[in-house]
S.K.: 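This is the structure I want to talk about, given as structure tokens.
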Amino acid sequence: MQIHINSSNYQDQAGIKSKGEIMTVVTRFAPSPTGLVHVGSHRTALYNYIFTRQQGGKFILRVEDTDQNRYVEGAVENLLSSLEQLGVKYDVGPGKEDENGPYFQSKRRDIYTKEVQKLLNAGHAYRCFCSAETLEAVRKEQMEKHIPTGYNGKCRNIPKEESDKRAETEDFVIRLKTPQDGVCAFHDIVRGDVRISWSQVDDQVLVKSDGFPTYHLANVVDDHYMQVTHIIRGEEWLPSVPKHLFLYDCFGWEPPRMVHLPLLLNADKSKLSKRQGDVAVEDYLKKGYIPEALNNFLALLGWNPGGKNEIYSMEELIAAFDINKINKAGAVFDVQKLNWMNGQYIKNMDTAKYLKEARKWLENTKVNESKLDTALMAVKTSLTTFQDIPDKLTVFTGDPAIPDADAKEMLALDSTRTVFTSYIEKISILEELTVDGFKTVMQAAQAETGVKGKLLWMPVRIGLTGEMHGPELGYIAEYLGKEENIRRIKSWEAKKQRS
RNA sequence: GGCGCGUUCGUCUAGCGGUUAGGACGCUGGCUUCUCACGUCGGUAACACGGGUUCGAUCCCCGUACGCGCUACCA
């Protein structure tokens, strides 16, 4: 099946190896350095990466820094660092140059200038001398009259001689001379067949008055010369596809396959934004989310292999991914599910790795270094993110809490006194208090006092921590050590006698 | 306003004309002879609406509603 776009053809196929025709997949992630990397942006990078790895292709990172006004200091560093930390490795790009570089658009201006000249010569583009103010006034009037906004075509037909002459003294932009009627029909691997009337397509600015290209020009030129086969990007670009396709047509180039991903949304379905929570990859990393969990979660927003399992390593994602099964509808970024998933990753983390990572998150917690691992292991299954560690550790490292009413009631019980007496007696005999030793002690205490279950355990828990909740008691007992166990239990005895 | 894209449990989704519409998160009940967490066994809840096409529509077509996106010398 072929869909005609003016004079050029567009192949309706995913363009992947399984089609029989061997082609090397080339994709690119092309962010603008305008701030911290957004999770939605990272999701796009991830899909490019996963698809490319699966196809054995080449993944390009290209920095689209054509807007001098929006450039943010440090943004490129943040971009590189985010990709690095999340394990999304590009094959070519900044620092990994090849013959198709450079990979910063600001360093490719000569190329755009040369290409746009071809367009000018062929009559596919023209200089527009309208000032930004004029354009703004036109737009305002259009809005007031409730007619479609857009460029009015004022400079569309300025004769070449006049244009050349004015260009010597006046500021201008270069616009694309888009078709005025007919329909642009194209195929998108996610959206299927899409049709947009040319009457809806504005004469897009290709080169700004500062001489820099706009996204549309730079993007098309770069994707062509970098031999990109699949454009995988956010849905917000769908409406500008006709301009891009027209550019390919004017240049006589074959356009890549289009893959427009569904957007990531806030809980209220609006486009994911900072106002409603963290949106930067860095925010999540700082909060102790695990890169693998973040990737796993993001990969499943817009695509799902089906089945009961939700936990996929990068390798598994690469193996299972199917570009033809990407969803069309936007996906709400649900932190609750991310939290669950991150907890899963922590629980399943290899002990040595966990301990090493966990130690980075102690902050100012004062710990008994020799028993730290015991405490960290005790707390492992209760973590959502690593940031929870200091808080979870206070039961080990802090002073006993002040008992609440229920705890006091428990402490006041007659059976508690006998349990305490027996407990102290039994652990005093021990050489060292370990988790196993603690269990033995509790068994012995139960046999001696006849108290069992909650009435046996809870007083000891409260005696040691002041609280009725917390990690497994044996860990706490071991962490505190024999002397501290005795000291804490006795202090309750003492208080009790005083009252 | 115009154009485009979309719509399955609250959320992420499976489904590709015939299913008790499945799974995961969340919430919730039991078990786990200390609590919480973990784990485990259950429960909960959905095809936006209206027309077609068809023996039969969640699935195909049309319309409506709603949502989102685009409508910049930003990407």
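Residue numbers start from 1 in every chain, and the chains themselves are labelled A, B, ... in the order their sequence lines are given, proteins ahead of strands. Since we're looking at a predicted model, the values are computed, not measured.
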S.K.: Would you mind reading off the distance between Leu455(A) atom CG and rU35(B) atom C1', rounded to a whole angstrom?
M.R.: 13 Å
S.K.: For Phe172(A), does the six-membered ring have the charged nitrogen or CZ of Arg166(A) within the cation-pi criterion, i.e. under 6.0 angstrom from the centroid and within 45° of the normal?
M.R.: no
S.K.: Rounded to the nearest angstrom, tell me the gap between atom CD1 in Ile196(A) and atom P in rG2(B).
M.R.: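 After rounding, the gap between these two atoms is 17 Å.
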S.K.: Taking atom C1' in both rC60(B) and rU20(B), compute the distance separating them and give it to the nearest angstrom.
M.R.: 25 Å
S.K.: According to the interplanar angle, ranging from 0 to 90°, do the rings of Tyr215(A) and Trp237(A) count as parallel (below 30°), tilted (30 to 60°) or perpendicular (above 60°)?
M.R.: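 The arrangement is parallel - the two ring planes meet at less than 30°.
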S.K.: Need one value for Gly470(A): base, sugar-phosphate or nothing, where a base atom within 4.0 Å counts as base even if backbone is also close, heavy atoms only.
M.R.: base
S.K.: Output yes when a side-chain donor or acceptor of Asn78(A) lies under 3.5 Å from a complementary backbone atom of Val37(A), and no otherwise.
M.R.: yes
S.K.: For rC49(B) versus rC74(B), give the span between their C1' atoms, rounded off to a whole number of Å.
M.R.: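 To the nearest whole Å, 38 Å.
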S.K.: Would you say Asp223(A)'s side chain and Val228(A)'s backbone share a donor-acceptor pair under 3.5 angstrom?
M.R.: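 Such a contact is absent between Asp223(A) side chain and Val228(A) backbone.
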S.K.: According to the Watson-Crick and G-U wobble definitions, with both distances under 3.5 Å, which nucleotide is paired to rA57(B)?
M.R.: none
S.K.: Write down the distance between NZ (Lys328(A)) and P (rG15(B)), rounded to a whole number of angstrom.
M.R.: 11 Å
S.K.: Are any of the side-chain nitrogens in Glu235(A) or Arg191(A) under 4.0 Å away from the carboxylate oxygens of its partner?
M.R.: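 Salt bridge present between Glu235(A) and Arg191(A).
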S.K.: What distance, rounded to whole Å, do you find between the two C1' atoms, one in rC41(B) and one in rG52(B)?
M.R.: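 Those two atoms are separated by 46 Å.
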S.K.: Give one of base, sugar-phosphate or nothing for Val460(A), where a contact means two heavy atoms less than 4.0 Å apart.
M.R.: nothing
S.K.: Polar atom pairs between nucleotides 31-34 of chain B and protein, under 3.5 Å, N or O only, would you list them?
M.R.:
{"residue": "rC34(B)", "atom": "O2", "partner": "Arg461(A)", "partner atom": "NE", "Å": "3.0"}
{"residue": "rC34(B)", "atom": "O2", "partner": "Arg461(A)", "partner atom": "NH2", "Å": "3.4"}
{"residue": "rC34(B)", "atom": "N3", "partner": "Arg461(A)", "partner atom": "NH2", "Å": "3.3"}

S.K.: How is Thr66(A) classified with respect to the nucleic acid when contacts are heavy atoms under 4.0 Å: base, sugar-phosphate, or nothing?
M.R.: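 Sugar-phosphate: the residue Thr66(A), judged by heavy atoms under 4.0 Å, touches backbone atoms but no base.
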S.K.: Give the residues of residues 390-398 of chain A touching RNA chain B, defined as any heavy atom closer than 4.0 Å, sorted by residue number.
M.R.: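 Residues of residues 390-398 of chain A that come under 4.0 Å of RNA chain B do not exist, since none gets that close.
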S.K.: Is the backbone N or O of Asn339(A) less than 3.5 Å from a side-chain atom of Asn342(A), with the two atoms forming a donor-acceptor pair by type?
M.R.: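 Checked: no pair found.
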S.K.: Using purine N1 to pyrimidine N3 plus N6-O4 or O6-N4 for Watson-Crick, or N1-O2 and O6-N3 for G-U wobble, both under 3.5 Å, which nucleotide pairs with rU64(B)?
M.R.: rA48(B)
S.K.: Please check if atom CG in Asp171(A) has more than 12 non-hydrogen atoms from other residues, nucleotides or ligands closer than 6.0 Å.
M.R.: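 12 or below, so no.
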S.K.: Listed by chain and number, what are the side chain to side chain contact (heavy atoms under 4.5 Å, CB included) partners of Asn69(A), not counting sequence neighbours?
M.R.: Asp67(A)
S.K.: Check nucleotides 69-73 of chain B against the protein and report each pair of N or O atoms closer than 3.5 Å, with its distance, or say if there are none.
M.R.:
{"residue": "rU71(B)", "atom": "O2'", "partner": "Thr149(A)", "partner atom": "OG1", "Å": "3.3"}
{"residue": "rA72(B)", "atom": "OP2", "partner": "Arg139(A)", "partner atom": "NH1", "Å": "3.4"}
{"residue": "rC73(B)", "atom": "O2", "partner": "Ser209(A)", "partner atom": "N", "Å": "2.7"}
{"residue": "rC73(B)", "atom": "O2", "partner": "Ser209(A)", "partner atom": "OG", "Å": "2.7"}
{"residue": "rC73(B)", "atom": "N3", "partner": "Ser209(A)", "partner atom": "OG", "Å": "3.0"}
{"residue": "rC73(B)", "atom": "N4", "partner": "Cys130(A)", "partner atom": "O", "Å": "3.3"}
{"residue": "rC73(B)", "atom": "N4", "partner": "Ala132(A)", "partner atom": "N", "Å": "3.4"}

S.K.: Any salt bridge between Glu448(A) and Lys426(A), counting N to O under 4.0 Å?
M.R.: yes
S.K.: For His124(A), give me all partners under ring pair (Phe, Tyr, Trp, His ring centres under 6.0 Å), at least two apart in sequence or on another chain.
M.R.: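 For His124(A), no residue satisfies ring pair (Phe, Tyr, Trp, His ring centres under 6.0 Å) once neighbours in sequence are set aside.
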S.K.: When the distance from CG of Asn309(A) to C1' of rC25(B) is rounded to whole Å, what number comes out?
M.R.: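 Checked: the CG to C1' distance equals 14 Å.
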S.K.: Which one is paired to rC74(B), where only Watson-Crick or G-U wobble pairs with both distances under 3.5 angstrom count?
M.R.: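 Pairing partner, where one exists within any strand: none, as none qualifies.
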S.K.: Sticking with atom C1', work out how far rU13(B) lies from rG69(B), rounded to a whole angstrom.
M.R.: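 rU13(B) and rG69(B) have their C1' atoms separated by 22 Å.
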S.K.: I'd like the P distance from rG67(B) over to rC31(B), given in whole Å.
M.R.: 46 Å
S.K.: Tell me whether Arg62(A) is salt-bridged to Glu64(A), with the criterion being a basic N under 4.0 Å from an acidic carboxylate O.
M.R.: yes
S.K.: With both distances under 3.5 Å as the test, what is the Watson-Crick or G-U wobble partner of rC3(B)?
M.R.: rG69(B)
S.K.: Expressed in angstrom and rounded to an integer, what is the separation of Tyr345(A) atom OH from rC25(B) atom P?
M.R.: 14 Å
S.K.: When the P atoms of rG6(B) and rG43(B) are compared, how many Å lie between them, rounded to an integer?
M.R.: 36 Å
S.K.: Which protein N or O atoms sit under 3.5 Å from an N or O of nucleotides 38-46 of chain B?
M.R.:
{"residue": "rG39(B)", "atom": "OP1", "partner": "Gln344(A)", "partner atom": "NE2", "Å": "3.1"}

S.K.: Tell me every residue that passes ring pair (Phe, Tyr, Trp, His ring centres under 6.0 Å) with His224(A), counting only those two or more places apart in sequence or in another chain.
M.R.: Trp253(A)
S.K.: Take atom NE2 of His146(A) and atom C1' of rC3(B), then tell me their distance rounded to the nearest Å.
M.R.: 17 Å
S.K.: For rA21(B), what is the paired nucleotide under Watson-Crick or G-U wobble rules, both distances under 3.5 Å?
M.R.: none
S.K.: Could you tell me whether Glu357(A) and Lys353(A) have a side-chain N and a carboxylate O separated by less than 4.0 Å?
M.R.: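 The answer is no: the pair does not qualify as a salt bridge.
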S.K.: How would you list, by chain and number, every residue that makes a ring pair (Phe, Tyr, Trp, His ring centres under 6.0 Å) with Phe297(A), sequence neighbours excluded?
M.R.: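 Here the qualifying residues are Phe333(A).
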S.K.: Is the backbone N or O of Lys154(A) less than 3.5 Å from a side-chain atom of Asn152(A), with the two atoms forming a donor-acceptor pair by type?
M.R.: yes
S.K.: Hey, what are the protein-to-nucleotides 8-13 of chain B N/O distances that come in under 3.5 Å?
M.R.:
{"residue": "rC12(B)", "atom": "OP1", "partner": "Val332(A)", "partner atom": "N", "Å": "2.9"}
{"residue": "rC12(B)", "atom": "O2'", "partner": "Leu300(A)", "partner atom": "O", "Å": "3.0"}
{"residue": "rC12(B)", "atom": "O2", "partner": "Lys337(A)", "partner atom": "NZ", "Å": "3.4"}
{"residue": "rU13(B)", "atom": "OP1", "partner": "Gly302(A)", "partner atom": "N", "Å": "2.5"}
{"residue": "rU13(B)", "atom": "O2'", "partner": "Asn304(A)", "partner atom": "ND2", "Å": "3.4"}

S.K.: Measure from NZ or CZ of Arg109(A) to the centre of the six-membered ring of Phe212(A), then state whether that distance is under 6.0 Å and the direction lies within 45° of the axis.
M.R.: yes
S.K.: Atom CG of Asp65(A) and atom P of rC74(B): how far apart are they, to the nearest Å?
M.R.: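 The answer, rounded to whole Å, is 14 Å.
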S.K.: Could you give the CD1-to-C1' distance, from Ile147(A) to rG2(B), as a whole number of Å?
M.R.: 11 Å
S.K.: With sequence neighbours excluded, what pairs up with Asp203(A) under the salt bridge (charged side-chain N to carboxylate O under 4.0 Å, His left out) test?
M.R.: Arg156(A)
S.K.: Is there a donor-acceptor pair closer than 3.5 Å between any side-chain N or O of Asn296(A) and the backbone N or O of Tyr312(A)?
M.R.: yes
S.K.: Scan nucleotides 61-63 of chain B against the protein and return all N/O pairs shorter than 3.5 Å with their distances rounded to 0.1 Å.
M.R.:
none

S.K.: In the structure shown, which nucleotide is the Watson-Crick or G-U wobble counterpart of rG39(B), with both distances under 3.5 Å?
M.R.: rC31(B)
S.K.: With no hydrogens and no angle check, is any side-chain donor or acceptor of Thr214(A) less than 3.5 Å from a backbone partner on Val205(A)?
M.R.: yes
S.K.: Would you find more than 12 non-hydrogen atoms of other residues, nucleotides or ligands less than 6.0 Å from Lys347(A) atom NZ?
M.R.: yes
S.K.: Could you measure between the two P atoms, the one in rC25(B) and the one in rC62(B), and give it in whole Å?
M.R.: 38 Å
S.K.: Does Tyr47(A) have any ring pair (Phe, Tyr, Trp, His ring centres under 6.0 Å) partners at least two apart in sequence or in another chain, and if so, which?
M.R.: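 Tyr47(A) satisfies ring pair (Phe, Tyr, Trp, His ring centres under 6.0 Å) with Phe321(A) once adjacent residues are dropped.
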S.K.: I'd like the C1' distance from rU8(B) over to rA14(B), given in whole Å.
M.R.: 10 Å
